[in-house]
Amino acid sequence: MRNYKIILASNSPRRKELLAGLDIDFEVKVLPGIDEKYPSDLPVKEIPQFIAKEKAAAYSDILDDDTLVITADTVVVLEQHILGKPCDDNEARQMLHELSGHTHQVITGVCLTTLQKQCCFAVTTDVTFKHFTDDEINYYVEKYHPLDKAGAYGIQEWIGHIGVTALHGSYFNVMGLPVQRIYSEMQKM
């Protein structure tokens, strides 16, 4: 990867922290106004990869021979329904009530893009939560303000510590970036 100038196309502090864990040099560059819409008939499991591809397309003008852009999008899916980022505390509480006592999927779509090629993939992790009390949900929302997180939670925060009863797949994927798979795909490039 020393041959590439790597750009992480994300403002997420969690994605930045996770990519830094691979001990590779990169810079963060986020272009404004990238559309994150998707066709209404697109299967739910394909949405994160579709959006990651759309984000990658926005960077085509800044690609050089030695540039590699990493784009990603993460969704939380409960019974084929996407739980996005909540718009307020009440919606965050509602989402956590929906997730309480159930297994849901966290799907992250990723695109690794250079001038010569593009590698896109999605990683899915199953997460099971215990039944939350109203007090637990209220405490988490009031203390952690999870309005910037899909599904209204961060697994690395208090709610993950007390609530996750089972996890099948990548923990880091639930945080927003499946770094093991990214590392593996970057080696192939």
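Side chains of K16 and V28 form a contact here, defined as non-hydrogen atoms less than 4.5 Å apart. By the 4.5 Å heavy-atom criterion applied to side chains, V106 and T124 are not counted as neighbours. In this structure, the side chains of F132 and I159 come closer than 4.5 Å at one or more pairs of heavy atoms. Side-chain contact between I24 and M186: present, with at least one pair of heavy atoms (C-beta onward) separated by less than 4.5 Å. Put simply, the side chain of I62 does not reach to within 4.5 Å of the side chain of T67, judged on heavy atoms. Using a 4.5 Å heavy-atom cutoff, the side chains of E98 and H104 are not in contact.
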Begin from the C-alpha positions of Y153 and Y144 and carry the test ring-ring contact (aromatic ring centres under 6.0 Å, His included) through to its verdict.
CA-CA 9 Å; Y153 78 92; Y144 290 88; over 10 Å; no
Taking it one step at a time, do D89 and H145 satisfy side-chain hydrogen bond (donor to acceptor under 3.5 Å, both in side chains)?
CA-CA 7 Å; D89 286 352; H145 309 289; 4.5 Å; no
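Put simply, OH on Y4 and OG1 on T114 are 4.5 Å apart, with the number rounded to the nearest 0.5 Å. One finds the CZ atom of R181 at 5.0 Å from the CZ atom of F121 (value rounded to the nearest 0.5 Å). Here CG of L68 is found 12.5 Å from CG of D64. Values are rounded to the nearest 0.5 Å. We find the CD1-CG distance between I155 and L167 to be 5.0 Å, quoted to the nearest 0.5 Å.
Judged by distance alone, the side chain of E46 and the main-chain N or O of L42 form no donor-acceptor pair under 3.5 Å. Of the possible donor and acceptor atoms, one in the side chain of H102 sits under 3.5 Å from a partner among the backbone N and O of S100.
A side-chain donor-acceptor contact under 3.5 Å links Q187 and Y183. Side-chain contact annotation: N173 with T125, donor-acceptor N/O pair under 3.5 Å present.
A salt bridge does not link K143 to E157: none of the charged side-chain nitrogens sits closer than 4.0 Å to a carboxylate oxygen. The pair D148-R14 counts as a salt bridge, with a side-chain nitrogen and a carboxylate oxygen less than 4.0 angstrom apart. The pair K188-E185 meets the salt-bridge criterion, since a charged nitrogen lies less than 4.0 angstrom from a carboxylate oxygen. Ion pairing of E136 with K130 is present here, as a side-chain N (NZ or NE/NH1/NH2) and a carboxylate O approach within less than 4.0 Å.
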Side chains of residues 69-86: which donor-acceptor pairs under 3.5 Å do they make with residues two or more places apart or in other chains?
from, atom 1, to, atom 2, distance (Å)
T71, OG1, A52, O, 2.8
T74, OG1, R15, NH2, 3.0
T74, OG1, T108, OG1, 2.9

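T113 meets the side-chain contact (heavy atoms from CB on, under 4.5 Å) test with A56, L63, C111, Q118; sequence neighbours excluded. Under the disulfide bond (SG atoms under 2.5 Å apart) criterion, C119 pairs with no residue at all, not counting sequence neighbours.
Remark: D25 CG is loosely packed, at most 12 non-hydrogen atoms of other residues, nucleotides or ligands lying under 6.0 Å away.
Here the two rings, on Y140 and H161, have centers that are 6.0 Å apart or farther.
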